[in-house]
Amino acid sequence: MNYEGNIIRPPSEANSIILKVTVGCSHNRCTFCGAYKDVRFRIKDAPTIDADIAFAARHCRRQHRVFLADGDALIIPTPRLEGILAQIRQQLPWVNRVSLYGNARSMLRKTPAELAKLKDLGLYRLYMGLESGHDPTLEHIRKGVNSDRMVEAAKRIREAALFLSVTVLLGIAGRSNSAVHARETGRILSGMQPNQIAALTLMPLENTPLFEEMRTGKFKLPDQAGILQELGLLVSAIDVERAQFQANHASNYLPLSGRLPRDKERILQVIGAGLSGRQPLTTESQRAL
Ligand code: SF4
């Protein structure tokens with residue numbers, strides 16, 4: 001496989017064939033993200049992608065899922081993406097699910113007809129980073145779109161019957177905006193109606209502008225109890241028809257998962273137990289990205 005730089009993929013793609021069809025992220029401006037800071041975004045050339053698919057056809061016969069990396073593979077022009085999906089279907093017929101990261105802008109660049117065609121060709125799941133539904137926070141972290149556009153993009157994906165997984169970041173609004181970030185994020189998630197919600201906890205990386213803000217005291221991360229309170233407010237504010245909720249990433253203080261709305265009360269009780277000390281929390285040294 002022609003891998004360059006970091007391989008970043010969602011936890012649920014741990015057993016997938018990772019095809020790096022792009023390098024880096026087309027946006028690459030989020031102040032908390034150090035994933036591709038020194039990488040110039042590009043779409044890989046066709047012979048390289050062809051060679052990787054041919055490699056997977058020979059060596060990855062036991063893996064039934066493909067993840068198209070890197071940070072925003074949906075930005076690939078539709079005819080090329082259709083070609084890649086068609087090749088996967090033809091050369092890796094045992095693959096039953098193709099997933100990728102897409103940001104709101106890339107989603108909104110695709111027409112409903114294009115998304116339907118991509119789904120027909122095997123695209124199944126899109127991972128999207130909302131991070132926050134609080135517009136001043138989205139602006140502060142230079143996410144590049146506001147919350148209305150996030151909802152619009154999510155609706156387009158859901159209308160194409162694609163599976164949408166949305167990530168939010170606890171702590172990203174700092175201490176002062178923690179509560180409003182939680183409530184607004186819950187409200188925006190309710191508008192998006194994703195199939196899956198993943199809540200991670202911010203762990204500032206040294207190579208990012210946000211880390212510099214933290215070092216100089218401009219940004220203050222909520223403490224453990226503050227993060228749990230934020231999580232409780234977030235869960236309380238989510239009103240979805242049906243979504244898998246996961247806060248069991250290694251960055252989280254309290255591993256949680258369940259289905260919303262069915263498990264909402266149980267999740268809130270566990271958060272309450274974490275806050276009162278009745279439920280053990282992950283220590284700082286055990287946390288990881
Ligand atoms: S869009 Fe995603 S990958 Fe790109 S800079 Fe922002 S967080 Fe990082």
Side-chain angles (χ1 to χ4, degrees), residues 8 10 24-39 41 70-72 74-75 101-109 127-154 164-192 194 197-238 247 249 251-253 287 289:
I8 295 173
C25 164
S26 61
H27 178 56
N28 212 14
R29 294 192 71 229
C30 299
T31 62
F32 63 90
C33 174
Y36 308 110
K37 274 286 171 270
D38 302 319
V39 182
F41 175 76
D70 273 335
D72 176 31
L74 193 65
I75 193 79
Y101 282 125
N103 67 35
R105 276 207 288 224
S106 303
M107 290 174 177
L108 289 167
R109 277 188 184 192
Y127 296 92
M128 174 191 198
L130 166 65
E131 329 305 355
S132 176
H134 180 232
D135 281 323
T137 296
L138 287 174
E139 199 172 327
H140 179 233
I141 63 173
R142 294 200 226 129
K143 193 67 196 171
V145 283
N146 65 19
S147 59
D148 285 346
R149 297 283 281 167
M150 294 284 194
V151 173
E152 203 184 326
L164 179 64
S165 177
V166 174
T167 301
V168 300
L169 260 181
L170 301 170
I172 192 66
R175 272 183 219 168
S176 51
N177 284 319
S178 172
V180 66
H181 154 65
R183 289 195 197 96
E184 285 295 279
T185 303
R187 184 178 71 81
I188 293 302
L189 284 169
S190 310
M192 294 169 88
I197 298 164
L200 278 61
T201 303
L202 178 67
M203 296 180 77
L205 296 167
E206 282 189 28
N207 66 340
T208 61
L210 194 66
F211 185 89
E212 189 55 20
E213 282 186 46
M214 202 170 82
R215 197 184 61 77
T216 54
K218 285 189 201 143
F219 178 84
K220 291 192 171 57
L221 204 54
D223 61 12
Q224 215 179 40
I227 291 286
L228 287 189
Q229 280 158 0
E230 190 174 302
L231 179 60
L233 287 173
L234 169 71
V235 172
S236 300
I238 297 175
H249 186 259
S251 63
N252 293 113
Y253 290 112
R287 295 173 70 216
L289 279 177

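Scope of the values below: all heavy atoms of this structure, side chains included, with no hydrogens, waters or symmetry mates.
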message: Determine whether Leu234 and Leu189 satisfy the following criterion, side chain to side chain contact (heavy atoms under 4.5 Å, CB included), listing intermediate values before the conclusion.
response: CA-CA 10 Å; Leu234 169 71; Leu189 284 169; 4.2 Å; yes
- request: Assess whether side chain to side chain contact (heavy atoms under 4.5 Å, CB included) is satisfied between Arg287 and Thr201, documenting all intermediate values.
  value: CA-CA 10 Å; Arg287 295 173 70 216; Thr201 303; 3.3 Å; yes
query: How many angstroms lie between OG1 in Thr208 and NZ in Lys37, if you round to the nearest 0.5 Å?
result: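 Rounded to the nearest 0.5 Å, the OG1-NZ separation comes to 7.5 Å.
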message: Rounded at 0.5 Å granularity, tell me how far CZ in Phe219 sits from CG in Leu210.
response: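 The distance works out to 4.5 Å.
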message: With side chain to side chain contact (heavy atoms under 4.5 Å, CB included) as the criterion, how do Leu130 and Ile197 come out once you've worked through the C-alpha distance, each side chain's angles and the decisive distance to 0.1 Å?
response: CA-CA 10 Å; Leu130 166 65; Ile197 298 164; over 6 Å; no
- request: Using the test salt bridge (charged side-chain N to carboxylate O under 4.0 Å, His left out), find all partners of Arg29 that sit at least two apart in sequence or belong to another chain.
  value: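 Partners of Arg29 by the salt bridge (charged side-chain N to carboxylate O under 4.0 Å, His left out) criterion come out as none, since no residue qualifies.
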query: Do you know which of Ile227, Leu221, Leu170 makes side chain to side chain contact (heavy atoms under 4.5 Å, CB included) with Leu202?
result: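 Of Ile227, Leu221, Leu170, side chain to side chain contact (heavy atoms under 4.5 Å, CB included) with Leu202 is met by Leu221 alone.
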task: Report the C-alpha distance between Asn103 and Asp72 in whole Å, list the side-chain angles of each, state the deciding distance to 0.1 Å, and finish with yes or no for side chain to side chain donor-acceptor pair (under 3.5 Å).
output: CA-CA 6 Å; Asn103 67 35; Asp72 176 31; 3.3 Å; yes
Is the side chain of [X] donor-acceptor paired with the backbone N or O of [Y] at a distance under 3.5 Å, no angle test?
| X | Y | value |
| --- | --- | --- |
| Asp70 | Ile8 | no |
| His27 | Lys143 | yes |
| Asn146 | Asp135 | no |
| Ser165 | Tyr127 | no |
| Asn177 | Gly174 | no |

message: Within the 3.5 Å criterion, strictly below it, is a donor on Ser132 or His134 matched to an acceptor on the partner's side chain?
response: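 Side-chain D/A pair, Ser132 to His134: absent.
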field: Nearest heavy-atom neighbours spanning Met107 and Gly102
entry: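 Shortest heavy-atom contact: CE-O, 3.5 Å.
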Partner set under side-chain contact (heavy atoms from CB on, under 4.5 Å) for Arg109, not counting sequence neighbours: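 Residues passing side-chain contact (heavy atoms from CB on, under 4.5 Å) with Arg109: Ile75.
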task: Measure the shortest side-chain to side-chain distance between Leu138 and Met150 over non-hydrogen atoms and say whether it is less than 4.5 angstrom.
output: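 Yes; the side chains approach each other to less than 4.5 Å.
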